[in-house]
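What follows is one structure encoded as structure tokens, with my remarks underneath.
When a residue number appears, it is its place in the shown sequence, counting from 1. In this text, all values refer to a predicted model and were calculated from it rather than measured experimentally.
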Amino acid sequence: MPVISFANSKGGSGKTTSALVLACELAHSKPVTIIDADPRHPVTTWAKLPNKPENLTVITNQSEKTILDEIEQAAARDPFVIVDLEGTASRLTSYAISQSDLVIVPMKEQQQDAMAAIDIIAEIHRDMKAVRRDIPYAVLFTQSKVVAKSRTARFVAKQFRDNPRIETFQTEIHERDAFAALYAAGGGVRDLNPKEVNNLPSAIENVSAFAAEVIERLRANQANQAEVA
Ligand SMILES: Nc1ncnc2c1ncn2[C@@H]1O[C@H](COP(=O)(O)OP(=O)(O)O)[C@@H](O)[C@H]1O
Ligand SMILES: [Mg+2]
């Protein structure tokens, strides 16, 4: 049922990769639909490779006219719906945000990604006004260095982490071979060959922590809403 969108108008911020790893991880236990709403169709291309989980349905979005119906139908069918959005702010993006139980804003720890994240957060707030409900969102740092983070990276991340009005994921998606390898090998990180990918167990652990935090956030938001109602 919950709808989780990945939004940031900056290309390369890690939307598709984070959406894919989450979708595959959740699909280990429950049916998941991922809606590929990027006109370049990266998820649809990935789905043609081997190892797509059986539990995972990939819907290729047709246009902004169909996104609401696509989300509604998927949410009626599957326990999790994930929407991978395009790299520009658009009406389609707003429609998807308006239907989301959680918007994840992936960003690299860089100034340009940070500015784009701020823009999309402002957009989420406009969408909240339009639909007159709270839309939970959280920033996810992606492609972060496991060791020796640069001064800029630390500075950018701190700006977000220290801002009491912006939620941030505790878990970061690290920069790892395994995540880039998915686009060539297909499937999720658990399907990769440990002999062909550096430090695969760490990537698996990273994805598992991310999925657990997503679930935790969805539960907490649900509890908050129940309290308000
Ligand atoms: N955590 C990561 N580790 C290694 N490479 C990554 C990671 N996240 C993304 N990439 C690479 O960076 C590129 C852009 O990421 P992508 O997820 O497509 O961003 P977006 O969907 O926001 O445009 C992809 O080609 C992918 O291979
Ligand atoms: Mg993408």
Side-chain angles (χ1 to χ4, degrees), residues 1-7 14-86 92-93 95-106 135-138 140 142 169 171 173 178-179 181-183 185-192 200 203-223 225-226:
M1 222 307 258
V3 177
I4 307 159
S5 294
F6 285 77
K15 295 179 288 298
T16 301
T17 306
S18 319
L20 264 185
V21 295
L22 178 67
C24 290
E25 186 70 9
L26 294 175
H28 274 283
S29 46
K30 298 261 173 65
V32 179
T33 288
I34 182 163
I35 300 178
D36 183 1
D38 179 338
R40 291 174 309 126
H41 296 153
V43 176
T44 310
T45 305
W46 164 87
K48 291 179 184 145
L49 296 166
N51 296 325
K52 180 180 79 63
E54 256 178 45
N55 254 348
L56 179 67
T57 306
V58 175
I59 304 283
T60 309
N61 165 251
Q62 298 302 312
S63 74
E64 67 176 37
K65 291 182 186 153
T66 55
I67 187 77
L68 291 171
D69 291 335
E70 289 161 2
I71 292 175
E72 188 180 47
Q73 281 162 20
R77 185 183 56 227
D78 282 346
F80 294 104
V81 179
I82 293 173
V83 188
D84 180 33
L85 288 162
E86 60 189 335
L92 188 150
T93 302
Y95 280 159
I97 289 172
S98 76
Q99 299 307 301
S100 296
D101 296 282
L102 176 63
V103 181
I104 298 178
V105 179
I135 302 171
Y137 65 87
L140 172 72
T142 67
F169 272 86
T171 316
I173 301 290
F179 299 131
L182 298 177
Y183 296 98
V189 284
R190 290 176 195 273
D191 303 301
L192 294 170
L200 185 55
I204 293 174
E205 204 177 298
N206 194 181
V207 170
S208 154
F210 173 44
E213 197 178 344
V214 168
I215 304 273
E216 206 177 290
R217 282 183 178 278
L218 288 169
R219 286 211 180 114
N221 296 338
Q222 235 176 14
Q225 275 160 10

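- With a 4.5 Å cut-off on side-chain heavy atoms, Phe179 and Thr142 do not count as touching.
- The structure places OG1 of Thr16 at 11.0 Å from CD of Glu86, a figure rounded to the nearest 0.5 Å.
- With sequence neighbours excluded, the residues that form a side-chain contact (heavy atoms from CB on, under 4.5 Å) with Ser100 are Val3, Ser5, Val103.
- Residues satisfying the side chain to side chain donor-acceptor pair (under 3.5 Å) test with Glu64, not counting sequence neighbours, are Arg91.
- Take Thr171 and apply the side chain to side chain donor-acceptor pair (under 3.5 Å) test, not counting sequence neighbours, and it matches Glu213.
- Applying the side-chain contact (heavy atoms from CB on, under 4.5 Å) criterion to Pro2, with sequence neighbours excluded, gives Phe80, Asp101, Leu218.
- The stretch residues 25-35 participates, sequence neighbours left out, in these side-chain hydrogen bond (donor to acceptor under 3.5 Å, both in side chains) pairs: Glu25-Arg190, Thr33-Arg77, Thr33-Asp78.
- Every side-chain contact (heavy atoms from CB on, under 4.5 Å) that Ala181 has, sequence neighbours left out, goes to Leu192, Val197.
- Trp46 places no side-chain N or O within donor-acceptor distance of the main-chain N or O of Ala185, the cut-off being under 3.5 Å.
- With rounding to the nearest 0.5 angstrom, the CG atom of Asp84 is 9.0 Å from the OG atom of Ser18.
- Scanning all heavy atoms of the two residues, the minimum distance from Ala178 to Leu200 falls at CB-CD1, 3.9 Å.
- Of all the heavy atoms in Leu22 and Ala211, the pair that sits closest is CD1-CA, 3.7 Å.
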Check residues 67-76 and write down every donor-acceptor pair under 3.5 Å in which the side-chain atom is one partner and the other belongs to a residue at least two apart or another chain.
{"residue": "Glu70", "atom": "OE1", "partner": "Asn61", "partner atom": "ND2", "Å": "2.7"}
{"residue": "Glu70", "atom": "OE2", "partner": "Gln62", "partner atom": "N", "Å": "3.2"}
{"residue": "Glu70", "atom": "OE2", "partner": "Thr66", "partner atom": "OG1", "Å": "2.9"}

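- To the nearest 0.5 Å, the span separating SG on Cys24 from CD1 on Ile82 amounts to 8.5 Å.
- Applying the side chain to side chain donor-acceptor pair (under 3.5 Å) criterion to Thr17, with sequence neighbours excluded, gives Tyr183.
- Shown here are the ring pair (Phe, Tyr, Trp, His ring centres under 6.0 Å) partners of Tyr95, two or more places apart in sequence or in another chain: there are none.
- Nearest heavy atom pair, residue Ala138 against residue Leu102, reads N-CD1, 4.5 Å.
- Shortest non-hydrogen contact noted between Ile104 and Pro106 is O-CD, 3.2 Å.
- A salt bridge (charged side-chain N to carboxylate O under 4.0 Å, His left out) check over residues 40-55, counting only residues at least two apart or in different chains, returns the pairs Asp38-Arg40.
- In this structure, the separation between OG1 on Thr57 and CD1 on Ile35 is 10.5 Å, given to the nearest 0.5 Å.
- Within the 4.5 Å cutoff, side-chain heavy atoms of Leu26 are placed close to those of Ile215.
- Heavy atoms only, all atoms of each residue included: Gly188 and Leu182 are closest at C-CD2, 3.5 Å.
- Heavy atoms only, all atoms of each residue included: Gly186 and Asn51 are closest at C-CB, 4.2 Å.
- Between Asn206 and Val21 the shortest side-chain heavy-atom distance does not fall below 4.5 Å.
- For the side-chain contact (heavy atoms from CB on, under 4.5 Å) test, residues two or more places apart in sequence or in another chain that qualify with Thr60 are His41, Thr44.
- Residues that satisfy the side chain to side chain donor-acceptor pair (under 3.5 Å) test with Arg219, not counting sequence neighbours, are absent from this structure.
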